[in-house]
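Just below is one structure, and these are the notes that go with it.
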Amino acid sequence: MKVLFVCLGNICRSPMAEAMFYQLLKDNALTEEVEVASKATSSEEEGNRPHPGTQKILATYHLDDRDHRSTPIRRQDFFDYDLIIGMDDMNMRHLRAIAPKETKDKIFAINDLTPGHQGEPIPDPWYTQRFDDTYNSLRRALPHWLDYVKEHK
Ligand code: 4NP
């Protein structure tokens, strides 16, 4: 099973989701069976390291960014990954627009499984600077994706 988190720049939200989900996989001894990565819908930040705000959160919670660099999503990714998870409505529109037709079922929104929060986006901290809000929203959403991969791996 291969999981891909996606946001606009791949420097704020999706690298944070990747690092947090990787920790959940480690805690559950699933890193051999489940891979996680993150990518961007834009090439704006290609090659760049996570935003200092995301790096600060990762340091605070002792999370490993595994030398992440922003990478734009490519057509082949829709075939290579099993779950492709966007952070907000713009990400979802982009993903649905560029996904090859036979891969569209793999695309989900981050809160699709969060009881009481379905349809809620993860606001972009690049604009809000609220990296702690991003962390808290992801912390609520990601355990549901962990349960999902445990059932589907
Ligand atoms: P992210 O935040 O999508 O959470 O990584 C952004 C980072 C960079 C830009 C936009 C959003 N940008 O326009 O460069």
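Start at 1 and go down the list; that is how both ligands and their atoms are numbered. Throughout, numbering of the chain's residues begins at 1 and tracks the sequence. All values derive from a computational prediction rather than experimental measurement.
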Checklist entry - Looking only at protein heavy atoms, which one is nearest to atom 4 (O) of ligand 1, and how far off is it? => result R13 NE, 2.8 Å
Item to check | N136-D133 side chain donor-acceptor pair, cut-off 3.5 Å | outcome: no
Checklist entry - Considering only protein heavy atoms, which is closest to atom 14 (O) of ligand 1, and at what distance to one decimal place? => result E45 OE2, 3.0 Å
Checklist entry - Backbone or side chain, does any N or O of N10 fall under 3.5 Å from an N or O of ligand 1? => result yes
Checklist entry - Cation over ring, R66 on Y22, under 6.0 Å and within 45°? => result yes
Item to check | Exam field: side chain K153 to backbone Y148, donor-acceptor pair closer than 3.5 Å | outcome: no
Item to check | Heavy-atom pair with the smallest gap, counting every atom of R140 and P143 | outcome: O-CD, 3.7 Å
Item to check | Atoms in ligand 1 flagged as close to C7, the criterion being non-hydrogen separation under 4.0 Å | outcome: 1 (P), 3 (O), 4 (O), 5 (O)
Checklist entry - Hey, is ligand 1 close enough to W126 that some N/O pair sits below 3.5 Å? => result no
Next on the checklist: Within the 3.5 Å criterion, strictly below it, is a donor on N48 or S70 matched to an acceptor on the partner's side chain?
Outcome noted: no
Next on the checklist: Does ligand 1 come near enough to C12 that some N or O of the ligand is less than 3.5 Å from an N or O of the residue?
Outcome noted: yes
Item to check | Aromatic ring pairing Y135/Y61, orientation class (parallel under 30°, perpendicular over 60°, tilted between) | outcome: parallel
Next on the checklist: For a side-chain hydrogen bond (donor to acceptor under 3.5 Å, both in side chains) check, start with the C-alpha distance between H68 and N10, then their side-chain angles and the critical distance, and finish with the verdict.
Outcome noted: CA-CA 9 Å; H68 180 78; N10 191 217; 3.0 Å; yes
Checklist entry - Between the side chains of D112 and H144, does any donor sit under 3.5 Å from an acceptor? => result no
Checklist entry - Who's the nearest protein heavy-atom neighbour of atom 11 (C) of ligand 1, and how far? => result D124 OD2, 2.9 Å
Checklist entry - At a 4.0 Å threshold, what atoms of ligand 1 neighbour a non-hydrogen atom of I11? => result 5 (O), 7 (C), 8 (C)
Checklist outcome for this item: of all protein heavy atoms, closest to atom 3 (O) of ligand 1 is G9 N, 2.8 Å
Checklist entry - With a cut-off of 4.0 Å, which atoms of ligand 1 are near a heavy atom of L8? => result 3 (O), 10 (C), 11 (C)
Item to check | Structural part of H51 in contact with ligand 1, heavy atom criterion under 4.0 angstrom | outcome: neither
